[in-house]
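Everything below concerns the one structure shown next.
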Amino acid sequence: MQKLLITGGKKLSGEVVISGSKNASLPIIISSLLFDDPVQFENVPKVKDIYTLINLIKVLGREVEFDENKEILKISKKNKDKYFAPYSIMKTMRAGVLVLAPLLAKFGKAKVSLPGGCSIGARPVNLHLDALKKLGAKINVKNGYIDASAPKGLLGANIKFSSISVGATESIIIAAVLAKGTTKISNAAIEPEVIDLIKFLNKCGADIKYNSKRKIIIKGVNFLYPIKHKIIPDRIEAGTYAIAALITNGKLLIKNVNNDHLQNIFSVLKKIGANIKTFKDSFVIFRKHQLKPFKIITKPYPGFPTDMQAQFMALATQIKGLSVINEEIFENRFLHVSELMRMGADIEIKKQKATIKGIKNLNGAEVMATDLRASVSLVLAALSAKGITTINRIYHLDRGYSKLEKKLNLCGANIRRVND
């Protein structure tokens, strides 16, 4: 098992090129199971979740070519389709449950393992399953597997989610594209990653309309045309490097971004005193003065993203005064707090509310990553800490960040990856 050794206190300076969005890539790649002809994706990030998904797509009978240098992924159909997604692959990637939707839509049957992934609270699969049932699927969950069939094919229906779920919204979009009739989704997620999936499918001949009131209307079509599609930049990666610049009192040019997708992050950063200059597909971030404490509440997009909560908490440890974070998306997403406290952070937790008292310095310590965003919050904390920090279980980090230590080291950080 590998770990990172980070020597803190280095002011970052330079430029970082942001990779394609992991969270946009996964559902779009999974939707390729709907196609009979080859499809090609550009700007695909080289992260562990993508490689896990590639293995899953292969198991389901597809041929996959991934040009890592050009970040181009090509998926072609083999002669024999398969409908079984095993636990051995699904155990490390929650998004894998999305394959249920295209398998049901295209072939009328599927057997998919219940998913794994980060331990950050309940992300119930029942939202997916209940909605698929409304489309006509018969579903039986037994021995850790979802056994599903649609003997008469999927049929359009009206679906209103009891809570906003990105994964469930993506699942029903994929399922309904080839369904007979019209599907109307209410209380849908409208994250940029969901919209990228819709734009991709529409370019392929789908008929999907959406609005800012969380309504999506899908008119089923008979087939989809294959195209080339470029994945949107990763807004969470961009936000993470923005925090890296501020927490080290450095200055970074962050390239290959969509600034529109970052407005909910920028608005908080500007309020606390960050200086941000935006350009067509990049931005520069630094600070001139001491940053101000803040209060944030995580909300579904366009609210403040839960995937940036841990990074802002690391930053709050270095801001004089009291900052408050209310986590309203996941009930178990403060697992990084105890690790930050090992480095000297002063944080108090009451249910879903964290109060962070800024201190002068964090100190290097041995810590353990508990999930993807928690792991990167520890990296950020280590960049500003005195001494050396050892971060264990970094396989979480590799699930969602491409070449993180290389990108940071090119900007002046001191990070080494070593084996136990």
Side-chain angles (χ1 to χ4, degrees), residues 4 6-25 42-50 68-71 192-193 230-266 268-270 272 274-288 291 305 307-308 310-312 314-315 318 372-373 375-385 389 391 394 396-417:
L4 292 182
I6 303 177
T7 302
K10 310 293 182 181
K11 185 181 293 190
L12 298 185
S13 177
E15 63 182 53
V16 175
V17 179
I18 299 303
S19 302
S21 167
K22 172 187 80 79
N23 289 340
S25 297
E42 301 172 355
N43 201 34
V44 177
K46 297 186 287 289
V47 296
K48 181 64 176 175
D49 272 7
I50 294 297
E68 297 185 15
N69 292 326
K70 296 181 179 179
E71 297 181 334
E193 297 78 16
K230 186 175 182 179
I231 303 294
I232 59 172
D234 195 314
R235 62 192 173 103
I236 303 303
E237 186 190 16
T240 299
Y241 285 108
I243 298 294
L246 297 177
I247 204 167
T248 63
N249 197 17
K251 182 177 182 179
L252 291 177
L253 169 63
I254 300 177
K255 303 169 72 174
N256 186 37
V257 301
N258 184 323
N259 286 315
D260 290 340
H261 297 166
L262 293 163
Q263 291 307 308
N264 49 8
I265 299 171
F266 285 166
V268 177
L269 291 176
K270 289 177 180 178
I272 69 175
N275 193 313
I276 302 172
K277 296 180 179 180
T278 58
F279 305 95
K280 182 180 178 181
D281 58 359
S282 63
F283 67 91
V284 173
I285 183 166
F286 59 96
R287 68 188 197 192
K288 288 184 178 179
L291 299 178
D307 278 356
M308 284 300 301
Q311 297 92 311
F312 268 79
L315 179 62
Q318 298 301 288
L372 172 55
R373 306 307 172 185
S375 62
V376 85
S377 77
L378 298 177
V379 171
L380 294 170
L383 290 173
S384 68
T389 299
I391 304 177
I394 58 171
H396 288 294
L397 189 72
D398 294 334
R399 285 186 48 237
Y401 287 91
S402 176
K403 300 185 290 187
L404 179 128
E405 63 262 37
K406 180 179 180 181
K407 291 180 180 182
L408 287 171
N409 283 339
L410 286 172
C411 296
N414 185 341
I415 306 176
R416 289 191 297 126
R417 180 181 291 250

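Just so it is clear, the values below take in all heavy atoms, side chains as well, and ignore hydrogens, waters and symmetry mates.
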Return yes if some donor-acceptor pair links the side-chain N/O of [X] with the main-chain N/O of [Y] below 3.5 Å, else return no.
X	Y	answer
D234	S19	no
N259	F279	yes
N409	I415	yes
K46	E68	yes
E405	R417	no

Answer yes or no: is there a side-chain heavy-atom contact under 4.5 Å between [X] and [Y]?
X	Y	value
V268	M308	no
P45	E237	no
F283	L252	no
I232	N258	no
I236	Q311	yes
L291	Q318	no
V376	I243	no
V379	I6	yes

If you count the non-hydrogen atoms of other residues, nucleotides and ligands that lie under 6.0 Å from NZ in K48, is the total more than 12?
no
Could you list the donor-acceptor pairs under 3.5 angstrom formed between side-chain atoms of residues 9-16 and any protein atom two or more places apart in sequence or on another chain?
residue: E15; atom: OE2; partner: K255; partner atom: NZ; Å: 3.3

Looking only at heavy atoms, what is the nearest atom pair of [X] and [Y], with distance?
X	Y	value
K22	D49	NZ-OD2, 3.4 Å
A242	I285	CB-CD1, 3.7 Å
S402	K407	O-CE, 3.4 Å
L408	A244	CD2-CB, 4.3 Å

Separation between OG of S282 and CD1 of I18, rounded to the nearest 0.5 Å
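That separation rounds to 11.0 Å.
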Polar side chain donor-acceptor pair, T240 to Y401, under 3.5 angstrom:
yes
Using side chain to side chain contact (heavy atoms under 4.5 Å, CB included), reason through I272 and R287 one step at a time and then give a plain yes or no.
CA-CA 10 Å; I272 69 175; R287 68 188 197 192; over 6 Å; no
Partners of N414 by side-chain hydrogen bond (donor to acceptor under 3.5 Å, both in side chains), sequence neighbours excluded?
none
Sort out for me which residue in N256, I254, L253 forms a side chain to side chain contact (heavy atoms under 4.5 Å, CB included) with V17.
N256
